[in-house]
Each structure stands twice: as structure tokens, then as C-alpha cells.
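Have a look at the structure below before the remarks.
Since the structure is predicted, the reported quantities are computational estimates derived from the model, not experimental observations.
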Amino acid sequence: MSNQEPETVGQDAACCPGLSAAPLDEERAGELAKAFKALGDPVRLRLLSMIASRGEGGEVCVCELTPAFEPSQPTISHHLKLLRQAGLIDCERRGTWVYYWLLPGVLDRLAAFLTTPRPAGARA
């Protein structure tokens, strides 16, 4: 739907250490802040959950998302646009409907960033 490439949240754990591993540079902090800001809204968090619950490679039609919310369809579309701009999801228009899916590995990269490394032999 968008000609603009979404910014990605990160490439992999090797290039993107967790919060306690090293101080963030300005660029990485900006990328992560955009993703976490997008997730800071309850409607966007629910939308992401609905999309992610389809599993890897799964997708969901906007026609299935909008009935679950009170806000109007244009408001839901705006929230989906913010999730796309944050690099969390992507979409494709097929006829009159738009289908959304979670970008591969995005939740793992966010979780890895927030995970504190445990010393060897430490209990969870």
C-alpha cells in the first residue's frame, strides 16, 4: 500500500545489544523509541496482537480488524499506518481490502533489547 519502505526495528541481536549491554547510540535510540511509542497506545497494541496472533507468515484483512474496535475505520487505518511506519508490520492492497502481517523477527528483536543477560547458572 505504501511506496515508502518502513524503518526496521533492528537487524539481529549481534548488531543490536540489549539495554544493559551498552549505551544506545542516537540512531538506534530513535528507531527503538519509534517502535515503543507505537506500542504505547492500547489500540495499536491490540492491533499488533491481532496481527501477530496469526503466526509467522500469517496475515489478516483490515475487514477483520476494524469490527473489533469502537474507533472508526479511518482511525484504525491511522493506527495501522503508525505501526507500519514504526517498522512493526507491513501490508498489501488486494482489490478493495488491505492485508497486514507482522514483519519477521520484529518482536524477538524488541524482546532481546529488553532482556537482561543472566549470569551462567543463574535461575530464571
Side-chain angles (χ1 to χ4, degrees):
M1 180 172 172
S2 170
N3 294 336
Q4 187 178 29
E5 286 293 315
E7 293 181 32
T8 57
V9 174
Q11 300 305 317
D12 59 42
C15 79
C16 309
L19 183 62
S20 63
L24 287 174
D25 63 36
E26 199 172 321
E27 181 180 349
R28 181 76 175 129
E31 291 171 3
L32 286 165
K34 197 171 196 178
F36 286 118
K37 184 176 181 180
L39 295 175
D41 181 90
V43 171
R44 289 191 292 269
L45 193 55
R46 284 188 59 213
L47 283 166
L48 186 72
S49 173
M50 291 172 74
I51 295 166
S53 69
R54 296 298 172 112
E56 193 167 325
E59 56 189 27
V60 61
C61 179
V62 71
C63 64
E64 297 173 64
L65 297 171
T66 53
F69 297 92
E70 250 185 66
S72 66
Q73 183 276 324
T75 302
I76 297 303
S77 291
H78 173 72
H79 284 299
L80 290 164
K81 176 183 174 183
L82 293 175
L83 290 170
R84 278 194 333 269
Q85 289 174 339
L88 301 170
I89 63 172
D90 205 355
C91 66
E92 177 181 77
R93 178 174 293 281
R94 298 180 197 150
T96 59
W97 299 113
V98 180
Y99 291 81
Y100 292 88
W101 59 88
L102 185 68
L103 288 171
V106 74
L107 297 180
D108 291 335
R109 288 189 293 275
L110 290 173
F113 172 74
L114 294 173
T115 300
T116 304
R118 299 197 191 287
R123 298 176 80 190

Using a 4.5 Å cut-off on heavy atoms from C-beta on, say whether the side chain of Asp41 contacts that of His79.
yes

If I take atom CG from residue Leu65 and atom CE from residue Met50, how far apart are they, to the nearest 0.5 angstrom?
5.0 Å

Nearest-0.5 Å distance that lies between atom CD1 in Ile76 and atom CG in Leu47:
5.0 Å

Restricting to non-hydrogen atoms, name the atom on Tyr99 and the atom on Trp101 that form the minimum distance, rounded to 0.1 Å.
O-CZ3, 3.5 Å

Should Ile51 and Leu82 be counted in the same cluster of Ile, Leu, Val, Met, Phe, Trp and Tyr side chains packed under 4.5 Å apart?
no

Closest heavy-atom contact between Thr115 and Ala111?
OG1-O, 2.6 Å

Any donor and acceptor pair, going by atom type alone, linking the side chain of Ser49 with main-chain N or O of Leu45 inside 3.5 Å?
no

Would you say the side chain of Leu39 lies within less than 4.5 Å of the side chain of Leu110, judging by non-hydrogen atoms?
yes

Ile89 and Val106, any side-chain heavy atoms less than 4.5 Å apart
no

Summary of salt bridge (charged side-chain N to carboxylate O under 4.0 Å, His left out) pairs that have at least one residue in residues 71-82, sequence neighbours excluded:
none

After noting the C-alpha distance and the side-chain angles of Leu107 and Leu88, does the key distance pass the side-chain contact (heavy atoms from CB on, under 4.5 Å) rule?
CA-CA 8 Å; Leu107 297 180; Leu88 301 170; 5.5 Å; no

Spacing of CG belonging to Leu114 relative to CZ belonging to Arg109, to within rounding of 0.5 Å:
13.5 Å

Do the side chains of Tyr100 and Arg84 get nearer than 4.5 Å, heavy atoms only?
yes

Could you measure the distance from the CD atom of Glu27 to the CG atom of Leu32? Nearest 0.5 Å is fine.
10.5 Å

Trp97 and Cys61 have their tightest heavy-atom pair at CB-SG, 3.6 Å

Looking only at non-hydrogen atoms, find the nearest pair between Cys91 and Val98 and report the distance.
CB-CG1, 3.7 Å

Enumerate the side chain to side chain donor-acceptor pair (under 3.5 Å) contacts for residues 57-70, please, sequence neighbours excluded, ordered by first and then second residue.
Arg54-Glu64, Glu59-Arg94

Ala86 and Ala35: which non-hydrogen atoms are nearest, and at how many Å?
CB-CA, 4.0 Å

Heavy-atom closest pair, residues Ala68 and Arg46
O-NH2, 3.3 Å

The reported gap from CG in Leu80 to OG1 in Thr75 (rounded to nearest 0.5 angstrom) is 11.0 Å

